[in-house]
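Report on the structure given below.
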Amino acid sequence: MNENYDTIQIPNGQSFKDIYFKNVTYFIKPPCGSEISINNMLEAPYINLSISPNCRTSFDASFYLAGRSSLICYPVYTSFKNNNTGFTKIDTILSQSGASGRVVKDLPYGSYTVTSMTRDGYLLHNMSNWTINSPAENPYSISISPYFGEYGNDGAIIFTINKSSGLFTRGTQIQLVSPGEYTYSEVVTGDLGLYNYYTVSRTTSTPSRYFYPGTYLFRVTDTCGSYELPVTVQEANVYRYNWNIEQQETCAGLKLTVTGSAIYNNSPVKLYTKILSGPSGYDGSVVPITSSLLLPTSGEYKIGVSGTPSDVFDFSKPLNQGLGNGVNVKSIIYGYKPLAIDVNHTQGWVCPGGADNDGNISAVAINGRITSPGNYTYKLAAVGNGINGPYLSVNTTGRFSTATSGGAYTLVKNQNYDIRVEDGCGAGVVQTIKVLDLGVTQIVTSDKQQYCEGDIIKLNTFNPFVPNVQYNWSGPDNFSSTQQSPTLPAKLSASGIYRVTITGLCSTPIMGELNVRVAPTVITCYSAVTDTSVNPYVYGLLGNWKQAKSYINYSARSGNNNDIRNDGVFTNYTPFWKWINGGLQLGDYLVAGGWVWTSESTLFNKKGFELENKDPLNRFNAGLYGYDNSLPIAVVQNSHYREAAFEGFEDYNFGSNECDIACTTARSFDFSSYKSQLDSIERHSGKYSLRVDAGKAAGMVVPVVSNDNNSFSFTTTTGTNSCTGNNALLRSIRLGTDALLPSFSPISGKDILISVWAKEAERCNCTGYMKNQIGIVVTQPSGATTVIAKPVGPIIDGWQRYEQVVNLPAAATKVSFSFEATGSTAVFFDDLRIHPYNAIMKSFVYNPVNLRLVAELDENNYATFYEYDDDGVLIRLKKETEKGIQTIQETRNALLKD
């Protein structure tokens, strides 16, 4: 035998098949030592089979030669025979170089006899019933589990999409269809390998966020088709944490005790806690909540909880590019405050009529480090001896008096004394206190010398922090109070003398008084247009020329021979303008001359934008503007300007701050009185909605008019100039309120349509909301009629659309709209629109900061949402439908560097 290889000759008449499973004995004689024998069985080669489905139509069979593929008599013939049809495919392996990676494509699903035989007749594989069934109609399934829930991730869920027919293929797209508040779209790349499952743990939007309980619909799209995967995540499927921190100051620092509980799968989970971050020096160990945490130094700390002793993660900040809800983390700002004496509650006094040496002192300590509540030590000394003594008296109450001293000391009025206070950890501080004569001291004060109407009056009186002291206040407008420091609104009737009687401090009542003055606030809203006299050119009433009518010429033209050079000339053209009596004028000849008007503008706003026009059929169209009259928020066909209203509650904070908040410019449809109820957490579109708290209502009343008249008149006042021959002179021009733009006021005798979106704060597993009410009350001289709006369509991402047709009789004088929360939780309303029943409205919502269009609501009040990246480029288009919010277009752009 040589150094590397040796050859064993097969006997004549035999082949490789005859040596399989035979033992070969090797005899090895080393240079030193005895001969060694080694037995080795020559195992037979074999075939490994696997499949790859081609959707539900066919499959590819893959196989390779395994084992001792070098001990084969090639070629190898492998056949796949369908037991039902007899269809057969044969693959031939000519040599060892082709022994791996063999694929037989497009075999129909069914039962096969698979035979593989070498040239010398050895049967490598023989399976008579190799059955391959067609994959399921939907090969994908979805399962859920908590996502790091045991480490503190409150409410988060992870989805696992499983494939029963094999591995995920490259290019498979996984998309979240609903709900619209989450965005997820991913394509399988296989960069980290391909598996028969795929996990979805956070959204693909920026910033990324986790998924929480709710109903989801995923769509998986591969080369075989698209598959829908609905799944509902319930509260029992996730970890939920509910906990608090109790604080106690100690000599070593701030002691924290965590209380609370966690729950998963409807079962309690043991809680653990640790300090996640803070100034150096803290112990970051994980401990059960039965143990306490210690904050040794001042600073900001983060405390977290989890359901495992392994660790506690911080889910209040970005973690693995995802955002948690932060429930498992609380911030504690430990600001150690040095020991001090509360000078607002520390007093020295002699009662009115008392002896000069019958004084009292009441001292109150605050802050410092105490081992139990109120554990301070107070020491009384003569002025200057407070630091080292000698001390006249020591106690833990802070109260000293001549009467209780037993003759050890006396407290004399108008004299100073030192009080030293010490906390439970040995720190001390000294405060000098003067003993006042309450018979001459002003004991009643206020925070201001004079108040404006609408301010808050804050009264205060002598407060020695002694128990059982009673205060009885009296004052103008039947004011009374028993508080030591009462407050009341400043109004004109609140001006006058306020008196207080203090009992329980001295043997006789202590009296004090204070004169409070309230100045009236005068608000006058001045209208330059409707004032006694106006210059119409200064305020843009005259001198601003706008298009009034548009005309088009319909008279006959010459030619019908397709001679484009000469055909098309007016055969009987009449000029639009005609020179008459020395000037350009329009005459009655226009219609005869082929001129027909097509549109007439009737209203403009103060920025020059057209608000209303009409066509020759007397059909009106209107445009509503918002965002300081700079952007169109709605366009309405077949409606007067005054008949249409849209409110998205978006632009109430738009624009620069106005100094005159009492006389702000009125809106056509105004919810300014509910500005404090605008909510930025829940909204159907844009950034805001109207929040109506439980048991309350919001609404408005608008007038109903009998007709719409856009004309206005003015009156002039003239005088006589006697200096120039008694010529008439213009003294003034006066306008009425009909010169102003009309506010929202529908026209009687018509039907109006009201549409609005509503959402209840309480989660509702139902088809319609029941804890809110939208009422419309139509008032006429004979009485009032109430109509309750009905919900239309399903709940979409928590919002349900209400729509109602309301008839306005000819005698109607006003109509009111009321939005009520009739249950125990708040209700949110958004995207309110009102217009004539025969009108069509399209409305728009913008970002109030960059003024990009973020939503467009169609004639049915369903929204199309526009989403942008940080550069302001449109990246996603979503459409609101009865089946949910659907992503209909998504675009990504990038610039590649050279």
Side-chain angles (χ1 to χ4, degrees), residues 48-55 59-64 66 100-103 105 135-136 138-153 155-177 182-212 216-231 233 237-239 306 308 310-311 313-315 317-324 869-870 875-876 887 890-897:
N48 269 340
L49 278 174
S50 64
I51 70 160
S52 176
N54 299 321
C55 304
F59 69 95
D60 295 342
S62 302
F63 65 96
Y64 64 91
S100 62
R102 309 296 295 183
V103 179
K105 291 184 172 295
N138 185 350
Y140 298 96
S141 61
I142 191 168
S143 59
I144 57 176
S145 58
Y147 189 58
F148 288 100
E150 66 274 26
Y151 291 97
N153 201 358
I157 199 77
I158 183 172
F159 302 96
T160 301
I161 300 176
N162 304 284
K163 186 176 182 182
S164 61
S165 59
L167 305 180
F168 273 77
T169 57
R170 290 180 174 86
T172 299
Q173 184 180 27
I174 301 172
Q175 183 182 14
L176 179 63
V177 178
Y182 297 98
T183 300
Y184 183 87
S185 181
E186 199 73 29
V187 176
V188 177
T189 62
D191 294 342
L192 300 177
L194 295 174
Y195 306 92
N196 61 351
Y197 64 90
Y198 201 89
T199 57
V200 178
S201 61
R202 61 182 65 87
T203 65
T204 54
S205 58
T206 302
S208 182
R209 56 177 296 196
Y210 295 130
F211 298 99
Y212 296 94
Y216 297 83
L217 178 62
F218 284 89
R219 178 181 294 133
V220 180
T221 303
D222 58 17
T223 56
C224 298
S226 294
Y227 308 92
E228 306 286 338
L229 299 175
V231 61
V233 181
N237 302 132
V238 298
Y239 279 79
S306 73
T308 174
S310 300
D311 205 349
F313 292 168
D314 184 354
F315 288 98
K317 62 182 181 181
L319 178 65
N320 299 330
Q321 301 178 358
L323 287 175
D869 61 15
D870 293 338
I875 60 172
R876 193 173 296 109
T887 300
E890 186 167 355
T891 306
R892 294 288 182 178
N893 297 304
L895 296 176
L896 299 179
K897 295 183 178 180

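Residues: numbered from 1 along the sequence shown. From a predicted model like this one, the values you see are computed outputs, not experimental measurements.
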Heavy-atom side-chain proximity of Tyr151 to Ser310 below 4.5 angstrom: yes
Interatomic distance, Ser143 atom OG to Ile158 atom CD1 [nearest 0.5 angstrom]: 9.0 Å
side-chain contact (heavy atoms from CB on, under 4.5 Å) assessment of Val231 paired with Ile144: CA-CA 9 Å; Val231 61; Ile144 57 176; 3.8 Å; yes
Within-4.5 Å side-chain heavy-atom neighbours: Ser306 and Glu150: no
Chi angles and distances behind the side-chain contact (heavy atoms from CB on, under 4.5 Å) call for Phe59, Lys105: CA-CA 7 Å; Phe59 69 95; Lys105 291 184 172 295; over 6 Å; no
Derivation of the side chain to side chain donor-acceptor pair (under 3.5 Å) call for Arg202 and Tyr147: CA-CA 10 Å; Arg202 61 182 65 87; Tyr147 189 58; 2.8 Å; yes
Ser205 side chain to Thr203 side chain, donor-acceptor N/O pair below 3.5 angstrom: yes
Rounded distance (nearest 0.5 Å) linking atom CZ of Phe168 with atom OH of Tyr140: 5.5 Å
Could you tabulate the donor-acceptor pairs under 3.5 Å formed by side-chain atoms of residues 191-200, not counting sequence neighbours?
| unit_1 | atom_1 | unit_2 | atom_2 | d |
| --- | --- | --- | --- | --- |
| Asp191 | OD2 | Thr189 | OG1 | 3.2 |
| Tyr195 | OH | Leu192 | O | 3.2 |

Full working for side-chain contact (heavy atoms from CB on, under 4.5 Å) between Val188 and Thr169: CA-CA 7 Å; Val188 177; Thr169 57; over 6 Å; no
Trace of the side-chain contact (heavy atoms from CB on, under 4.5 Å) decision for Leu217 with Leu176: CA-CA 6 Å; Leu217 178 62; Leu176 179 63; 5.7 Å; no
Those residues that, when tested against Phe159, pass ring-ring contact (aromatic ring centres under 6.0 Å, His included) (two or more places apart): Phe211, Tyr216, Phe218
Atom pair CG (Leu229) and CD (Gln175), whose distance is rounded to the nearest 0.5 Å: 12.5 Å
